[in-house]
Protein chains: 2
Amino acid sequence: MHMTQATRRDRAATDRDIRRQARALLVTDGPAAVTLRAIARELGITAPALYRYYSSREDLIEHLRADVCADLAAELGTDLVEVDEADHLGQVLAICRGFRRWALAHPQEFGLVFASPSSTGAHCPVGTGDNPQDSFGRIFLTVAGRVLANGLPVTVPDDTVPDVLVTDLTRFRDELLVTIAESGTDLAADQLGIGIAHAMLQFWVRLYGQVALEVFGQFPFPVSDAEPLFETMLADLVRDVGLG
Amino acid sequence: MHMTQATRRDRAATDRDIRRQARALLVTDGPAAVTLRAIARELGITAPALYRYYSSREDLIEHLRADVCADLAAELGTDLVEVDEADHLGQVLAICRGFRRWALAHPQEFGLVFASPSSTGAHCPVGTGDNPQDSFGRIFLTVAGRVLANGLPVTVPDDTVPDVLVTDLTRFRDELLVTIAESGTDLAADQLGIGIAHAMLQFWVRLYGQVALEVFGQFPFPVSDAEPLFETMLADLVRDVGLG
DNA sequence: GAGGTTCGGTTAACACCGTTCACTCGCTCG
DNA sequence: CGAGCGAGTGAACGGTGTTAACCGAACCTC
């Protein structure tokens with residue numbers, strides 16, 4: 001019985017080793033280098049043994065994506081605790097800057113998770129727990145929930161969003177409420193209007209665009225130092241969304 | 001002599017065939033399927049023969065990127081001629097919608113050109129002609145030049161952009177002027193201020209972010225119809241930049 | 001304790017990949 | 001005509017994902 005637990009623990013340990021090695025190969029040599037044989041070689045076993053843990057290379061990559069998301073969420077979480085609980089604007093800025101810093105420090109992982117056409121993020125529902133990037137989305141939305149909960153100075157009239165978006169944005173709002181409730185923060189439903197959901201969407205679009213452009217080097221001109229560019233964008237964004 | 005021309009023409013023809021087949025494999029089965037052996041197989045030759053045309057697979061992919069950019073530029077160009085010459089706002093909207101339409105219709109190519117960490121877009125100077133994505137950037141900036149040239153209603157005070165950005169933005173402005181001049185449009189240098197360059201940058205960030213998020217399915221909630229989402233973003237963008 | 005089962009691991013093999021090398025063979029040119 | 005050139009070939013090397021058969025030790029049951 002306890003021997004069974006020991007072997008089970010062993011299995012989980014080698015599983016962790018597999019993913020750790022895969023991760024190391026990803027960060028050092030890019031996604032193309034994360035190969036089953038290389039992982040096995042580094043672990044002192046043979047490639048087919050990995051099929052006892054993952055049904056295919058793509059399956060392993062999928063789990064790797066989830067690991068990457070979890071790490072990003074953890075890093076953002078540590079960034080967050082260093083900010084004063086009441087400083088909502090500071091929390092938002094910490095998340096945005098942390099996201100950029102992480103993306104620049106881990107461009108391969110960023111490309112894998114946030115710029116992969118094969119990602120299933122669009123199709124499967126958020127919040128059910130089986131979404132690879134859910135752990136990231138949760139912390140992102142949780143912070144938003146905290147900011148929203150404490151009577152923030154964000155005032156967005158709901159009637160400025162077009163009618164065609166209300167159904168989707170309402171669903172988004174509902175998911176937000178669930179996520180925020182799960183994170184422990186209490187938030188009255190009427191404090192999170194459709195307009196705020198719309199603003200959060202715009203926030204994500206501009207943050208993602210700026211970070212992805214910087215990571216992929218797709219700015220339309222050579223940038224000597226991208227950090228001021230990001231900071232001014234962030235300042236504009238915070239102002240435009242009404243967090244000034 | 002004329003026989004030499006004939007063989008030269010032959011070589012160019014098979015070169016086109018190679019890239020056409022590579023392109024076909026890319027659009028149907030993704031970037032991983034564009035393999036030298038598959039291309040050769042489809043062309044009825046053997047893989048090593050391709051080395052008479054490209055020094056490596058990566059070299060071929062690079063040229064493929066350029067082809068994709070040229071195609072995108074051509075498609076945007078045809079979109080553009082259908083818009084009234086004097087309708088500057090309509091031209092801008094046509095480019096943005098055309099970019100989105102192309103990205104959604106060619107997600108693999110989009111990922112290859114605009115979301116590849118190995119892209120050299122950041123390091124090599126724009127406008128020298130050897131940049132793979134220059135053909136796209138040129139048409140994008142040319143349209144901007146046309147809009148700017150005809151005394152557009154865009155009014156952005158230059159003193160709103162932070163000091164840390166002026167050197168980079170000035171270089172961007174100068175490149176813009178060169179590109180616009182090359183495209184035939186005449187534009188007084190003082191009509192293109194730093195503030196407008198900054199606005200164009202923000203334009204690109206938000207357009208790219210929206211399109212990339214849609215292509216990669218990375219919106220934070222399931223979207224039933226992304227087109228209204230894009231259109232409202234575009235409307236906001238045009239308004240924020242002062243083109244309303 | 002003996003026997004069957006489970007399961008992590010191995011070896012061998014298949015099909016495919018990029019790439020190199022030596023080699024044809026037809027065309028061009030002097 | 002002969003030399004040269006250059007596109008294309010075939011074989012080969014090392015690498016890949018994946019499958020199949022097998023092995024051996026740990027486990028459960030009797």
Side-chain angles (χ1 to χ4, degrees), chain A residues 1-65 108 112 116-118, chain B residues 1-65 108 112 116-118:
Chain A
M1 186 68 168
H2 50 83
M3 239 1 183
T4 301
Q5 280 182 358
T7 58
R8 287 261 169 86
R9 199 173 304 154
D10 233 27
R11 176 180 171 82
T14 56
D15 185 22
R16 274 194 300 273
D17 287 348
I18 290 172
R19 291 199 264 193
R20 178 145 28 101
Q21 280 298 337
R23 191 70 173 280
L25 289 168
L26 175 64
V27 301
T28 58
D29 300 327
V34 49
T35 167
L36 296 186
R37 286 187 145 103
I39 298 170
R41 200 180 309 133
E42 218 75 24
L43 259 60
I45 61 177
T46 59
L50 298 177
Y51 282 82
R52 301 288 173 188
Y53 298 86
Y54 301 96
S55 65
S56 70
R57 180 191 127 103
E58 196 50 41
D59 186 29
L60 196 160
I61 299 280
E62 199 91 1
H63 284 80
L64 200 59
R65 269 193 264 261
Q108 309 286 5
L112 193 68
S116 159
S118 64
Chain B
M1 188 67 169
H2 48 84
M3 244 357 186
T4 301
Q5 282 183 357
T7 58
R8 287 259 169 85
R9 199 173 304 152
D10 235 22
R11 178 181 170 83
T14 56
D15 185 22
R16 274 194 300 273
D17 287 349
I18 290 172
R19 293 200 261 194
R20 178 146 28 101
Q21 279 299 337
R23 191 70 173 281
L25 288 168
L26 175 65
V27 301
T28 58
D29 299 327
V34 48
T35 164
L36 296 186
R37 286 188 144 102
I39 298 169
R41 201 181 307 132
E42 219 75 24
L43 259 61
I45 60 178
T46 59
L50 299 177
Y51 282 82
R52 300 285 173 186
Y53 299 86
Y54 301 97
S55 65
S56 70
R57 180 191 126 103
E58 195 50 41
D59 185 28
L60 196 160
I61 298 280
E62 198 92 1
H63 283 81
L64 200 60
R65 267 194 264 262
Q108 309 285 4
L112 193 67
S116 159
S118 64

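Below, each value reflects all heavy atoms present in this structure, side chains not excepted, and no hydrogens, waters or symmetry copies. Per chain, numbering begins at 1; letters A, B, ... match sequence-line order.
- Scanning for side-chain hydrogen bond (donor to acceptor under 3.5 Å, both in side chains) contacts around B/D29 gives an empty result, with sequence neighbours left out.
- Atom CZ in B/R37 sits about 11 Å away from atom P in C/dT19, given to the nearest Å.
- Between B/T35 and the phosphate of C/dC16, there is no side-chain N or O to OP1/OP2 separation shorter than 4.0 Å.
- Listed by chain and number, the residues in a salt bridge (charged side-chain N to carboxylate O under 4.0 Å, His left out) with A/D59 amount to none (sequence neighbours excluded).
- Residue B/R57 has no polar side-chain atom (N or O) positioned under 4.0 Å from OP1 or OP2 of C/dT19.
- In this structure B/R37 satisfies the salt bridge (charged side-chain N to carboxylate O under 4.0 Å, His left out) test with no other residue, sequence neighbours excluded.
- Distance A/L36 CG to C/dC16 P: 18 Å, rounded to the nearest Å.
- Remark: A/G44, A/I45, A/T46, A/P48, A/A49 in residues 39-51 of chain A come within less than 4.0 Å of DNA chain C through at least one heavy atom.
- With sequence neighbours left out, the side chain to side chain contact (heavy atoms under 4.5 Å, CB included) criterion links A/Y51 to A/L36.
- The base of C/dG8 has none of its N or O atoms less than 3.5 Å from a complementary donor or acceptor on the side chain of A/R11.
- Between B/D10 atom CG and C/dT28 atom C1' the separation is 14 Å, expressed in whole Å.
- With sequence neighbours excluded, the residues satisfying salt bridge (charged side-chain N to carboxylate O under 4.0 Å, His left out) with B/R20 are B/D17.
- Closest approach of B/A47 to B/A40, counting heavy atoms only: N-CB, 3.5 Å.
- Contacts with DNA chain D (heavy atom under 4.0 Å) in residues 18-29 of chain B: none are found.
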Grab the N/O contacts between the protein and nucleotides 22-26 of chain C below 3.5 Å, and write none if there aren't any.
none

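- Contacts of A/Y54 with the nucleic acid, taken as non-hydrogen atoms under 4.0 Å apart, are absent.
- Here A/R19 pairs with A/D15, A/D67 under the salt bridge (charged side-chain N to carboxylate O under 4.0 Å, His left out) rule; sequence neighbours left out.
- Nucleotide C/dT19 holds its P atom 10 Å from the CG atom of B/L60, rounded to whole Å.
- Summarising the geometry of B/A33 relative to B/A38, their closest heavy-atom pair is O-CB, 4.2 Å, with the distance given to 0.1 Å.
- Between A/I61 and A/R65, the closest side-chain pair of non-hydrogen atoms falls below 4.5 Å.
- Listed by chain and number, the residues in a side chain to side chain contact (heavy atoms under 4.5 Å, CB included) with B/P48 are B/T46 (sequence neighbours excluded).
- Here B/R23 pairs with B/D71, B/E109 under the side-chain hydrogen bond (donor to acceptor under 3.5 Å, both in side chains) rule; sequence neighbours left out.
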